[in-house]
Amino acid sequence: MLLPEPTLFLPHQGEPSLRWGILGTGWIAGEFVQAVQAHTAQRVTAVGSRATASAERFAKQHGIGSAHGSLDALLGDPDVDVVYVASPPAEHLAQGLAAIAAGKHVLIEKPLATSAADARTLLGAARAAGVFAMEALWSRYQPQTLLIRELLREGVLGEIRSVWADLGQAINPDPAHRLSRPDLGGGALLDMGIYPIQLNSMVRGTPSAITTVGGLAASGVDEYATLLTTHGGGEPSVLSTSMTTRTPATAVINGSEARIEIVSPFHVPTGFALATNDFGTPPVTWQDPTGITFFGGLSWEATAFAHYVGESRAESPLHTHEETVAILATIDEARRQLGAA
């Protein structure tokens with residue numbers, strides 16, 4: 001079987017070269033800036049932090065021209081078109097709304113917010129203000145995901161029966177760690193569980209029913225969870241996450257005619273195998289040919305974002321506002337069933 005070529009979000013294809021302001025100076029902010037500088041036509045022009053010294057260190061490390069010691073200063077910078085919000089999830093709502101009120105487009109690190117209700121508020125504000133808002137769910141814009149979507153559209157797998165996906169890491173159990181802190185929007189589901197849940201949503205849509213088993217950390221955040229989701233009957237999808245164990249990080253999409261096995265870790269640029277029901281036929285394999293690996297893959301979402309702004313879109317067609325809220329509603333329900341803080 002010959003696989004189609006995915007249409008990639010390549011740089012220098014007519015998208016505007018936006019001026020980006022980075023809000024936050026943590027690890028993911030650094031990875032994002034490196035990816036954008038290495039693989040896109042976008043320009044990082046400013047960074048903001050509540051501590052001026054932190055902003056200045058980050059700016060020096062990444063060759064950024066302006067460093068601001070407050071959110072207001074970053075939002076007041078006339079050389080910033082887009083704000084990338086890379087702060088803890090509990091701060092996303094207030095900071096996202098502030099950026100929108102300042103007339104900036106916003107790319108907000110996943111999760112967009114800590115609840116579906118807050119996500120709805122953010123996205124509604126962006127629409128009302130006429131600015132573009134998108135959750136930084138980078139997996140949606142990577143080459144293997146675009147090709148998988150094409151195979152699903154073509155019906156290569158037949159009727160979709162289930163999705164099996166997991167993502168877990170052995171996280172430092174220190175109570176001060178951000179994932180252990182309810183006040184920062186901690187827990188496994190919002191940080192890592194969103195990846196298997198979003199894959200299932202992309203493939204099967206919003207669940208009609210959710211059953212969750214799992215456990216809580218001493219702080220009350222969800223420490224591990226497995227969701228069984230049903231979609232109007234048929235086989236359930238099985239979606240797992242943990243912050244106590246490094247799990248295989250695999251994903252399988254099972255259909256009546258074939259299945260797709262995404263290479264671990266499935267949420268970064270990798271590849272996949274397409275296996276039919278014929279045991280005598282070896283799987284067809286595909287590997288990302290771009291040379292962009294691991295966190296370099298954050299670049300794809302930045303280029304996609306710029307394309308969408310240039311096209312005057314209100315939302316990402318690959319991750320609509322409605323679906324963004326629906327995914328967080330699934331997480332809301334799973335956390336409710338566990339009694340998570």
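Computed from heavy atoms alone, side chains included, the values below leave out hydrogens, waters and symmetry copies.
- In this structure, P111 and P89 have side chains that are in contact, with non-hydrogen atoms separated by less than 4.5 Å.
- Note: F32 and W20 have tilted aromatic rings, judged against thresholds of 30 and 60 degrees for the angle between ring planes.
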Verdict with reasoning, R259 to E261, per salt bridge (Lys or Arg N to Asp or Glu O under 4.0 Å): CA-CA 7 Å; R259 73 177 184 274; E261 301 176 1; 2.5 Å; yes
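- A donor-acceptor distance shorter than 3.5 angstrom exists from the side chain of T270 to the backbone of V263, with no hydrogens or angles considered.
- Side-chain contact between F294 and P269: absent, with no pair of heavy atoms (C-beta onward) separated by less than 4.5 Å.
- W286 pairs by the ring-ring contact (aromatic ring centres under 6.0 Å, His included) definition with F272, not counting sequence neighbours.
- With contacts defined as side-chain heavy-atom distances shorter than 4.5 Å, the pair V221/L216 does not qualify.
- The minimum heavy-atom distance between S240 and T226, with the atom names listed, is OG-OG1, 2.9 Å.
- Residues A251 and F266 share a closest heavy-atom pair of CB-CG, 3.6 Å.
- The one candidate from E135, E323, E301 that meets the side chain to side chain donor-acceptor pair (under 3.5 Å) condition with R140 is E323.
- Distance check, rounded to the nearest 0.5 Å: CG of L137 to NZ of K110 gives 8.5 Å.
- You'll find the side chain of L75 reaches within 4.5 Å of the side chain of V83, heavy atoms only.
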Carefully, step by step, assess T290 and D288 under the rule side-chain hydrogen bond (donor to acceptor under 3.5 Å, both in side chains). CA-CA 6 Å; T290 65; D288 187 325; 2.7 Å; yes
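- For the pair D77/R19, no side-chain contact is recorded, criterion being any heavy-atom separation below 4.5 Å from C-beta on.
- Here the closest heavy-atom approach between residue S242 and residue A188 is recorded as C-CB, 4.2 Å.
- Sequence neighbours left out, the pairs with a member in residues 48-73 that pass ring pair (Phe, Tyr, Trp, His ring centres under 6.0 Å) are F58-H62.
- Under the ring-ring contact (aromatic ring centres under 6.0 Å, His included) test applied with W138, the options F295, F9, W300 reduce to a single match, F295.
- Between P196 and W164 the shortest side-chain heavy-atom distance does not fall below 4.5 Å.
- Side-chain polar atoms of H92 and D118 form no donor-acceptor pair below 3.5 angstrom.
- N277 places a side-chain N or O within 3.5 Å of a backbone atom of S256 that can act as its donor or acceptor partner.
- With hydrogens and angles disregarded, no donor-acceptor distance shorter than 3.5 Å links the side chain of D222 to the backbone of G215.
- Between the side chains of D72 and S70, no donor-acceptor pair is found at a separation under 3.5 Å.
- The backbone N or O of G168 lies less than 3.5 Å from a partner atom in the side chain of T247, making a donor-acceptor pair.
- Applying the side-chain contact (heavy atoms from CB on, under 4.5 Å) test between L189 and each of D332, L227, T330 identifies L227 as the sole match.
- V238 and I197 are members of different hydrophobic clusters when ILVMFWY side chains are connected at heavy-atom separations under 4.5 Å.
- To the nearest 0.5 Å, the span separating CD1 on I331 from CD1 on I194 amounts to 4.5 Å.
- For the atom pair CG of L23 and OG of S49, the computed distance is 8.0 Å after rounding to the nearest 0.5 Å.
- Once rounded to the nearest 0.5 Å, the distance linking OG1 of T320 with CE of M134 reads 12.5 Å.
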After noting the C-alpha distance and the side-chain angles of T244 and E223, does the key distance pass the side-chain hydrogen bond (donor to acceptor under 3.5 Å, both in side chains) rule? CA-CA 7 Å; T244 68; E223 195 169 46; 5.9 Å; no
Can T250 and D166 be said to form a side-chain hydrogen bond (donor to acceptor under 3.5 Å, both in side chains), step by step? CA-CA 6 Å; T250 55; D166 73 274; 3.2 Å; yes
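- Here the NE2 atom belonging to H177 is positioned 11.0 Å from the CZ atom belonging to R181, to the nearest 0.5 angstrom.
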One pair to check against side-chain hydrogen bond (donor to acceptor under 3.5 Å, both in side chains): S162 and N254. What are the steps and the verdict? CA-CA 5 Å; S162 64; N254 299 297; 3.0 Å; yes
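- Scanning for salt bridge (charged side-chain N to carboxylate O under 4.0 Å, His left out) contacts around R178 gives D191, with sequence neighbours left out.
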Would you please test E159 and R161 for salt bridge (Lys or Arg N to Asp or Glu O under 4.0 Å) and show each step? CA-CA 6 Å; E159 180 184 347; R161 298 286 169 80; 3.7 Å; yes
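- Linking ILVMFWY residues whenever their side-chain heavy atoms come closer than 4.5 Å, directly or via other members, leaves F279 and V284 in distinct clusters.
- Taken together through direct or relayed side-chain contacts under 4.5 Å among Ile, Leu, Val, Met, Phe, Trp and Tyr, L199 and V252 form parts of separate hydrophobic clusters.
- Remark: the backbone N or O of I210 is not paired with any side-chain donor or acceptor of T229 at under 3.5 angstrom.
- In this structure, I22 is a member of the same hydrophobic cluster as V309, with clusters built from ILVMFWY side-chain heavy atoms closer than 4.5 Å.
- With a 4.5 Å cut-off on side-chain heavy atoms, L146 and L318 count as touching.
- Placement of L71 and L184 in two distinct hydrophobic clusters is found when ILVMFWY residues are connected by side-chain heavy-atom separations under 4.5 Å, directly or transitively.
- No donor-acceptor pair closer than 3.5 Å links the side chain of H319 to the backbone N or O of Y141.
- Shortest non-hydrogen contact noted between Q42 and L18 is OE1-N, 3.0 Å.
- The closest donor-acceptor contact from the side chain of S237 to the backbone of V163 lies under 3.5 Å.
- With a 6.0 Å radius and a threshold of 12 heavy atoms from other residues, nucleotides or ligands, E322 has its CD atom at or below the threshold.
- A distance-only check finds no donor-acceptor pair linking the side chain of S54 to the backbone of R50 [under 3.5 Å].
- When all heavy atoms of G297 and I292 are compared, the closest pair comes out as N-CG2, 3.6 Å.
- Put simply, the side chain of E15 gets close to the backbone of Q13: a donor and an acceptor are under 3.5 Å apart.
- Looking at heavy atoms from C-beta onward, V36 lies out of side-chain contact with S299 at the 4.5 angstrom threshold.
- Taken to the nearest 0.5 Å, the NE2 atom of H231 stands 8.5 Å off from the OG1 atom of T206.
- With hydrogens and angles ignored, the 3.5 Å screen pairs a side-chain donor or acceptor of T241 with a backbone N or O of L167.
- Nearest heavy atoms, A225 versus T212: CB-CG2, 4.2 Å.
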